[in-house]
There are 2 protein chains.
Amino acid sequence: MTRTENPTNPQVQRTQSLMLDAARTLLDEHGPEAVTHLRVAEAAGVARATVYRHWPNRAAILLDLLRAGADLRLTPPRADLTITERVTAALTAFASALNGDGGRTLAAMIGLAEWDEDVFAALGEMTAFGPMFLNGIITAGIEDGVLDENTEPALLVDRLIGPLYFRRLLYHDLITDDYIANLVTTTIEPLVRDG
Amino acid sequence: MTRTENPTNPQVQRTQSLMLDAARTLLDEHGPEAVTHLRVAEAAGVARATVYRHWPNRAAILLDLLRAGADLRLTPPRADLTITERVTAALTAFASALNGDGGRTLAAMIGLAEWDEDVFAALGEMTAFGPMFLNGIITAGIEDGVLDENTEPALLVDRLIGPLYFRRLLYHDLITDDYIANLVTTTIEPLVRDG
DNA sequence: CTAGAGATGATACGGTATGTCTCATCTAAG
DNA sequence: CTTAGATGAGACATACCGTATCATCTCTAG
């Protein structure tokens, strides 16, 4: 088995792209256990040996797949919005990722991360940005005197994001705008100075 | 393959218990993918055919395993406690389940439930009791006039339990009493009448 | 206690997946 | 055009899977 080494080679990029697309479809439709060298090769129209040349084992395929799923893009918070509006915007972007393919990917990662530290690390990278982003909004709110000064940003982030994960992962619910609005109102409002 | 039929037979109970113990160890140590007929048979000191006689496929083994993990026992809420104390007690019991083997079982189920509706149903059964229990405490609090009358019990349950799942599943954190205390205080206090 | 029903152990079998290897063919770049 | 490198096709040994058979063991009815 000669390993593939040159990532700039367009031939390599093309076959790798084919395989990753096939692997992603397999993951979405049948779960992590379906992502196997044989099935990826068949789905991608590629020789089985080629899949082995790119990834020595199944975990490596999944890792590449999961890392690519970490494309949560949040627009910077606009200064002209209230703290409630800024938090709502962040959670809405977050929820749309959870409602889409990101939710399934996340569920798969949670199941794997418990026994695979590489997946756990990838899970950390993938999910770190959202909470960090929210933390920034909250910290700014405290410094600006808009939020109660005794607020613990980290805990508040958990209290805002936790319910979204909870509903998505355990009930397979879609997160609606109404849900986010109620969550933000009940969670943030008591912390807003005066009001 | 002659299927095993009589569950009262002590011989059946003994071998089944051996196999389930072995399967649980495999699940805890190596994850759901390690729970296979062959490995269960080897670990249990049982013939491979016997494992097939009890469960036709791997999903069936996992289901029996996961269902057995749903033994969350909560003591009835005591009337002499405040609403905060009652919620804290419930969350503490809940957290200790998450901190123990229940956390890994839950992570495994979340990963599987996305693509297996039987596991999803089992997940629902397993996790329904905690929220229902909390919901009862909260509803009683509202009826007694202790909590704000505009409180939505279902959302409040999400806001209390969601953060626990979030920290356990995504960060592999142990849930401490301090964390629960802070969570309950910040979440419940604004809803308590007068105070 | 004994006889019979049922459960298990041991083993065999075909089918399939896995991981590696070889070599012919194809593609990209000088 | 030439050549290094990547892929396709297939072979190969190994391992796992699901099923079947039959002897042996265990429980229970009588």
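Note that this is a predicted model, so its numbers are computed, not measured. Every chain is numbered from 1 and lettered A, B, ... according to where its sequence line falls, protein lines coming before strand lines.
Here dG19(C) presents its P atom at 4 Å from OH of Tyr52(A), a figure rounded to the nearest Å. If you measure from atom CG of Leu38(A) to atom P of dT18(C), you get 6 Å, rounded to the nearest angstrom. Distance CD (Glu42(B)) to C1' (dA15(D)): 12 Å, rounded to an integer number of Å.
Closest approach to the Gln11(B) side chain among dA9(D), dT27(C), dC27(D) is made by dC27(D) (side chain taken as heavy atoms from C-beta onward). In the set dC17(D), dG9(C), dA28(C), the nucleotide with an atom closest to the side chain of Asn9(A) is dA28(C).
Checking the phosphate oxygens (OP1, OP2) of dA7(C), no side-chain nitrogen or oxygen of Thr50(B) falls inside 4.0 Å. When the side-chain nitrogen and oxygen atoms of His54(B) are compared with OP1 and OP2 of dT8(C), one or more of them lie within a distance under 4.0 Å. Between Thr36(A) and dA17(C) there is no side-chain polar atom (N or O) within less than 4.0 angstrom of OP1 or OP2.
Ranked by how close their nearest DNA chain D nucleotide is to the 5' end, Arg58(B) and Pro10(B) are led by Arg58(B). Annotation: of the two residues near DNA chain D, Arg39(B) and Gln13(A), the 5′-most nearest-nucleotide partner is Gln13(A).
When only modelled atom types and interatomic distance are considered, Asp21(A) and Thr25(A) share no side-chain donor-acceptor pair under 3.5 Å. For the residue pair Asn6(B) / Thr8(B), a side-chain donor-acceptor distance below 3.5 Å is found, with atom types taken as modelled. With hydrogens and angles left out, the side-chain atoms of Thr187(A) and Arg159(B) include a donor and acceptor closer than 3.5 Å.
Around CD of Glu85(A), the count of heavy atoms belonging to other residues, nucleotides or ligands within 6.0 Å exceeds 12.
A salt bridge (charged side-chain N to carboxylate O under 4.0 Å, His left out) check over residues 93-117 of chain B, counting only residues at least two apart or in different chains, returns the pairs Arg104(A)-Glu114(B), Glu114(A)-Arg104(B), Arg168(A)-Glu114(B).
Arg53(A) contributes a side-chain N or O that forms a donor-acceptor pair with the base of dG8(D) under 3.5 Å. Counting distance only, with no hydrogens placed and no angle test, the side-chain atoms of Arg48(A) and the base atoms of dG19(C) include a donor-acceptor pair under 3.5 Å.
In the region residues 14-31 of chain B, proximity to DNA chain D at under 4.0 angstrom, judged on heavy atoms, holds for none of the residues.
Checked against side-chain hydrogen bond (donor to acceptor under 3.5 Å, both in side chains), Asp80(B) has the following partners two or more places apart in sequence or in another chain: Arg78(B).
Using a distance-only test at 3.5 Å, with no hydrogens or angles considered, no donor-acceptor pair links the side chain of Arg167(A) to the main chain of Ile175(A).
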